[in-house]
Protein chains: 2
Amino acid sequence: MAQAENAERQGSRAGSRDEIERAILDAAERVFAEAGFGGATMQAIADHCGLPKANLHYYFASKKQLYRRVVERIFRVWLQAADSFESSASPEVALRRYITRKMELSRAHRYGSKVWANEVMHGAPIIQDFLETTLRDWTESRARVIRRWIAEGQVRPVDPHWLLYMIWATTQHYADFAHQIETLNHGPLSDAQWDAATETVCGIILRGIGLEGGR
Amino acid sequence: MAQAENAERQGSRAGSRDEIERAILDAAERVFAEAGFGGATMQAIADHCGLPKANLHYYFASKKQLYRRVVERIFRVWLQAADSFESSASPEVALRRYITRKMELSRAHRYGSKVWANEVMHGAPIIQDFLETTLRDWTESRARVIRRWIAEGQVRPVDPHWLLYMIWATTQHYADFAHQIETLNHGPLSDAQWDAATETVCGIILRGIGLEGGR
DNA sequence: AATGACCTTGACTGATTGGTCAGGCCTGCT
DNA sequence: AGCAGGCCTGACCAATCAGTCAAGGTCATT
């Protein structure tokens with residue numbers, strides 16, 4: 001009985017339910033990023049994924065709920081990147097890996113980063129509880145790791161919070177302000193430029209806290 | 001003849017025309033910052049400065065024009081900060097002064113910074129020409145100064161652009177993401193915390209590019 | 001081919017919002 | 001007092017947009 005294999009079970013036009021939802025979420029992420037929640041219209045989102053507007057409301061009850069789903073998806077990606085900050089590794093390795101991962105995220109998920117920035121700038125109406133729980137816990141746990149490094153004399157004494165904010169700010173800037181960067185750069189950054197920017201960010205921060213004596 | 005001293009010349013309710021326009025611009029800056037252009041309503045702006053909505057349209061023809069005036073005002077403040085990067089000073093002095101000034105701006109003009117961030121994130125529909133002229137010229141001129149420092153062996157070799165982006169990102173983060181920072185901090189930053197953050201940002205960046213051997 | 005579950009969509013609606021306007025108001029001048 | 005010029009505002013449009021709905025389509029199962 002029941003639906004057996006559910007892959008490709010719906011054949012009317014496009015793919016499965018999951019695929020359609022993902023297409024809508026992709027379009028919504030982009031439109032929300034470029035216009036903000038208030039400036040985004042369901043019609044624009046519909047146009048971006050080639051669906052009639054009424055169809056969006058079949059998959060997502062309301063604009064607010066669609067937005068919430070977009071933000072939740074971005075949150076999951078953020079968590080994944082947070083894991084790359086391994087507290088068991090040496091400070092050089094842990095920080096370099098974390099910064100590199102965040103730069104990759106900025107490149108791969110420009111729109112997600114923008115939606116996140118918008119959400120926080122507007123007072124985090126949706127993710128406030130996440131800021132107060134998951135983000136705060138994560139931040140304090142990494143702050144403890146950094147303080148341990150400082151106590152062991154591996155890292156120069158700095159308040160870990162200012163350091164973390166610096167990493168977040170710098171890496172996310174490449175997504176949130178991509179338009180400004182690309183204007184100054186006369187076009188998108190090349191692979192080599194991304195690598196160079198990542199290396200420079202790692203270099204300045206690591207050296208700035210007393211690591212990486214050489215090179 | 002004519003209006004002689006024009007200070008306090010209108011007495012109906014509030015202050016002079018300039019004062020009213022400034023009150024509207026202040027309210028608009030805040031509302032645009034917190035809701036984005038699309039999410040902001042003229043009614044909300046009117047409420048924030050205690051004027052009836054129709055009165056706003058007496059002073060500003062349209063929402064778009066009001067927004068443009070807000071952005072132009074922010075641009076003027078930005079220019080003022082840009083001047084604090086004196087190319088004639090030593091790299092330590094020039095960069096430290098510039099970073100400090102930008103941190104002060106983030107503290108004093110949180111909403112302005114947010115409006116700017118919003119504008120750039122949405123593709124800079126209004127300030128595009130400014131990005132391509134004033135900002136690009138300024139950036140290239142400071143990049144030349146930094147390259148000179150590098151050639152003179154005063155600064156470690158880095159692409160000046162990545163360095164400037166890092167400064168912009170980090171300092172503006174304290175305005176744009178103020179809500180997130182205050183959530184993690186269990187409240188607004190104190191004077192001492194602002195000083196500490198500024199000192200840490202200066203320290204990491206200066207040390208990161210090979211300056212400030214001591215301390 | 002009939003059934004039923006699920007998907008699609010054009011047309012519609014109620015609410016919101018940018019913008020308008022006519023008439024009222026206040027102030028300084030004569 | 002009377003007048004003129006600028007300022008103020010409640011009430012009112014026209015446009016836009018989120019969300020609804022009913023009719024129709026598609027597919028697997030029997």
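Order of the sequence lines fixes the chain letters, A, B, ..., with proteins taken first and strands second; residue numbering starts at 1 for each chain.
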More than 12 heavy atoms from other groups under 6.0 Å of CZ on R22(B) | no
Hey, does the side chain of Y58(B) come within less than 4.0 Å of dC7(D)'s phosphate (OP1/OP2), counting only N and O? yes
Taken to the nearest whole Å, CG/L51(A) to P/dG10(C) is 11 Å
With B for base contact, S for sugar-phosphate-only contact and - for none (protein heavy atoms under 4.0 Å), nucleotides 18-23 of chain C reads BBBB--
Assess the residue pair Y174(B) and I181(B) against the criterion (side chain to side chain contact (heavy atoms under 4.5 Å, CB included)); give the C-alpha distance rounded to whole Å, side-chain angles, the decisive distance to 0.1 Å, and a yes or no. CA-CA 7 Å; Y174(B) 282 85; I181(B) 289 174; 3.7 Å; yes
Handout entry: Crowding at CZ, R68(B) (>12 non-hydrogen neighbours, <6.0 Å)
Key = no
Do any side-chain nitrogens or oxygens of Y59(A) fall under 4.0 Å of OP1 or OP2 in dT8(C)? yes
When rounded to whole Å, the CG to C1' distance for the pair N55(A) and dG25(D) reads 13 Å
* To do: Check whether the ring centres of W78(A) and W138(A) lie less than 6.0 Å apart, and answer yes or no.
  => yes
Between R17(B) and E21(B), does at least one N-O distance fall below 4.0 Å, as a salt bridge requires?
yes
Which of dC8(D), dT8(C), dC7(C) is nearest the side chain of R17(A)? It is dC7(C)
message = Taking any heavy-atom pair under 4.0 Å as a contact, classify F60(A): base, sugar-phosphate, or nothing.
response = nothing
**OP:** Ignoring hydrogens and angles, tell me if any N or O in the side chain of S113(B) forms a donor-acceptor pair with the backbone of S106(B) under 3.5 Å.
**Re:** no
